[in-house]
A.B. asks: 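Below is a structure I'd like to ask you about.
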Amino acid sequence: MRAPGRVNLIGEHTDYNGYPVLPMAIDRDFVFAIAPADDRGIRLFNEDPSFEPRSFSAEFPVSPYSQGDWGNYVKAAVHGVLDAGFIDPKNARGFDAAIGGTIPESAGLSSSSALVVASALAFLAANQTEVEPGPLAELLARAERYVGSEGGGMDQAVSLLAETGRALMIDFFPLTATPAPLPGDIMFVVCNSLVRAPKSESVRYAYNSRVIECRLATALLARIVEEKIGRKIPAARLADLSAKNLGLEPAILNSWAQEAIGGQPLRLQEVARRLAMAPHAVETELCRLRDGSVLKEPPGGFRVWERYRHVLSEAERVRQMADALSEGNLTGIGSLMNQSHASCRDDYEISCPELEALVSIALESGALGSRLTGAGFGGCTVSAVRRESLDQFLSGVEAGYYDGFVNREGSRPFVAFQKLSDVMFPCRASMGAGYWQAQ
Ligand code: GLA
């Protein structure tokens, strides 16, 4: 079986807020060759020697390896599939797998979710069980939180539902996926900043704190909406409180939001005061992560207003991008990508100096638009480039970033690479995950 990685064209950190995303699957993937086992044993051999062999038993619950271990992504899938009841833990069969992969790791191209998806397909196949891709994507989005980050559902959904040659506009709660055409006269090019951004390790706090800030935004906004309209609106995430859902003019909602969460970063005490709750209750009810730990207040407080502003503006850009793609409006596509990047940098604060350098060099090298892609804090950018300017773009970024910036800033921990085409490549929109039967 095979499961692809993805590049997100636009819609960053919108998924866990219930707003849409617009990614496409890429032709870089995880491939598993499996043999069903006679016992519950799951034995994993990765062709990359830096990922040591792993074996464990398909018993429920599956206890994790230590944090950051690659085998946890396979365990996440097995635990999730058993937990959902698709396979009876009493009769589960394991498998032996030889695993190969071509998705750069910790680079914002979703190698982790591709590994989770391929692992789930392997486990299901070993147990002769089929699950529709939509429900499987929803299940695996929850299951991946096993590794400790509170991710949304974009990566698993696009890996399972993608179509060749198209991007996918994905909505959540409930999950729906609508193919979006890709204009033939541009290409989307991925460039790796060579800064690792592992979501289950160093980037975990930064990612999870954005999720919690959005949760606080939801609670604060829900409270003011209740005060203003005189009834309680059940709100699990920001999209439940959209102007459309509430039947309000966006300007009115915006002024209520300003009143509820506007201004300076909010300290825990202040959030508690505004919610009429004890600080301890805010921590346990709103700042708790899946593993039961409480996310510590960031130094300087929670930047709730900026996060809210990013999520709403980004959701609007996703809709505009769907139109720009189907109209083949190249200037529109580029400008939306640039606006998205600015909002990710200034309001969501998920950029870093290397991504900034790479985006500027991409634009100087002729890109119509360029932005960070994925969770941020390192990893890759995606740039829209006219086909006829592709060579000029590639040589501009090679000279400016890989030969220039990376050499000049040589003391930083850049990831080493062998071929330039491993770290900078135009994407071909590939199809979603699936099986091949050996003849
Ligand atoms: C990671 C998560 C996704 C999404 C992106 C940011 O890739 O796994 O669910 O939140 O970050 O857009």
Side-chain angles (χ1 to χ4, degrees), residues 3-26 28 72-73 76-77 80 103-117 137-161 167-173 175 177 190 196-215 237-239 289-290 307 310-315 317-318 321 337 340-341 343-345 347-352 355 371-382:
R6 59 102 186 94
V7 59
N8 190 18
L9 301 182
I10 202 158
E12 225 59 87
H13 291 263
T14 45
D15 57 356
Y16 51 82
N17 287 301
Y19 282 112
V21 293
L22 219 169
M24 70 193 206
I26 57 176
R28 310 255 158 162
N72 278 339
Y73 292 100
I103 313 168
E105 172 248 350
S106 298
L109 300 177
S110 210
S111 66
S112 48
S113 301
L115 181 54
V116 172
V117 168
E138 285 178 313
L139 151 69
L140 294 180
R142 289 192 303 276
E144 196 175 320
R145 300 199 187 122
Y146 183 91
V147 300
S149 59
E150 305 276 322
M154 158 167 66
D155 308 342
Q156 303 79 4
V158 65
S159 186
L160 278 156
L161 300 167
L168 215 55
M169 165 124 160
I170 306 173
D171 254 298
F172 303 92
F173 314 105
L175 180 71
V190 162
R196 280 186 87 236
K199 237 181 25 243
S200 64
E201 300 167 56
S202 55
V203 169
R204 187 152 101 142
Y205 175 81
Y207 185 93
N208 287 345
S209 63
R210 304 304 187 274
V211 176
I212 298 298
E213 285 168 323
C214 290
R215 230 187 259 165
R237 50 193 73 83
L238 279 176
L289 303 171
R290 183 193 172 277
R307 309 309 185 224
H310 166 77
V311 171
L312 258 73
S313 65
E314 185 76 352
R317 284 186 287 273
V318 172
M321 180 65 108
M337 291 174 76
S340 167
H341 182 75
S343 177
C344 285
R345 178 190 60 219
D347 276 349
Y348 226 65
E349 295 179 285
I350 54 172
S351 189
C352 63
L355 286 170
R371 57 181 298 278
L372 66 84
T373 184
F377 312 105
C380 292
T381 60
V382 57

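Source: prediction; values computed, not measured. Note that ligands are numbered from 1 as they come in the structure, with each ligand's atoms numbered from 1 the same way.
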A.B. asks: With Glu150, which of Arg145, Arg215, Arg142, Arg237 fulfils salt bridge (charged side-chain N to carboxylate O under 4.0 Å, His left out)?
C.D. replies: Arg215

A.B. asks: Using heavy-atom distances only, which candidate in Tyr207, Phe172, Tyr348 approaches atom 2 (C) of ligand 1 most closely?
C.D. replies: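 Answer by nearest heavy atom: Tyr207.
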
A.B. asks: Less than 4.0 angstrom from a charged side-chain N to a carboxylate O is my criterion; do Arg196 and Glu105 meet it?
C.D. replies: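 Glu105 and Arg196: salt-bridged.
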
A.B. asks: Can you find an N or O of Asp155 that's nearer than 3.5 Å to an N or O of ligand 1?
C.D. replies: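 By distance alone, the answer is yes.
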
A.B. asks: Is there a polar contact between ligand 1 and Asn8, counting only N or O atoms under 3.5 Å apart?
C.D. replies: no

A.B. asks: Could you tell me whether the side chain of Ile212 reaches within less than 4.5 Å of the side chain of Leu289, counting heavy atoms only?
C.D. replies: yes

A.B. asks: When the ring planes of Tyr207 and Tyr16 are compared, do they come out parallel, tilted or perpendicular, using 30° and 60° as the limits?
C.D. replies: perpendicular

A.B. asks: Within the 4.0 Å heavy-atom shell around Asp15, which atoms of ligand 1 are there?
C.D. replies: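 Those qualifying, in numeric order: 3 (C), 4 (C), 9 (O), 10 (O).
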
A.B. asks: What atoms of ligand 1 come closer than 4.0 angstrom to any heavy atom of Tyr16?
C.D. replies: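 With Tyr16 as reference, the close atoms of ligand 1 come out as 10 (O).
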
A.B. asks: Assess the residue pair Cys380 and Leu109 against the criterion (side-chain contact (heavy atoms from CB on, under 4.5 Å)); give the C-alpha distance rounded to whole Å, side-chain angles, the decisive distance to 0.1 Å, and a yes or no.
C.D. replies: CA-CA 7 Å; Cys380 292; Leu109 300 177; 3.9 Å; yes

A.B. asks: Distance under 4.0 Å to a non-hydrogen atom of Gly152: what atoms of ligand 1 satisfy this?
C.D. replies: 9 (O)

A.B. asks: Could you list which atoms of ligand 1 come closer than 4.0 Å to a heavy atom of Met154?
C.D. replies: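 Result: 4 (C), 5 (C), 12 (O).
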
A.B. asks: Quick check on contacts: which atoms of ligand 1 are under 4.0 angstrom from a heavy atom of Glu12?
C.D. replies: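 Per the distance check, 6 (C), 12 (O).
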
A.B. asks: Distance alone, cut at 3.5 Å: any donor-acceptor contact between the side chains of Ser343 and Glu314?
C.D. replies: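 Short answer, no.
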
A.B. asks: Counting from 1, what ligand 1 atoms have a heavy atom of Arg6 closer than 4.0 Å?
C.D. replies: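 Atoms satisfying the 4.0 Å criterion: 7 (O).
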
A.B. asks: Between the side chains of Ser340 and Arg317, is a donor N or O closer than 3.5 angstrom to an acceptor N or O?
C.D. replies: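 Side chains of Ser340 and Arg317: no pair found under 3.5 Å.
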
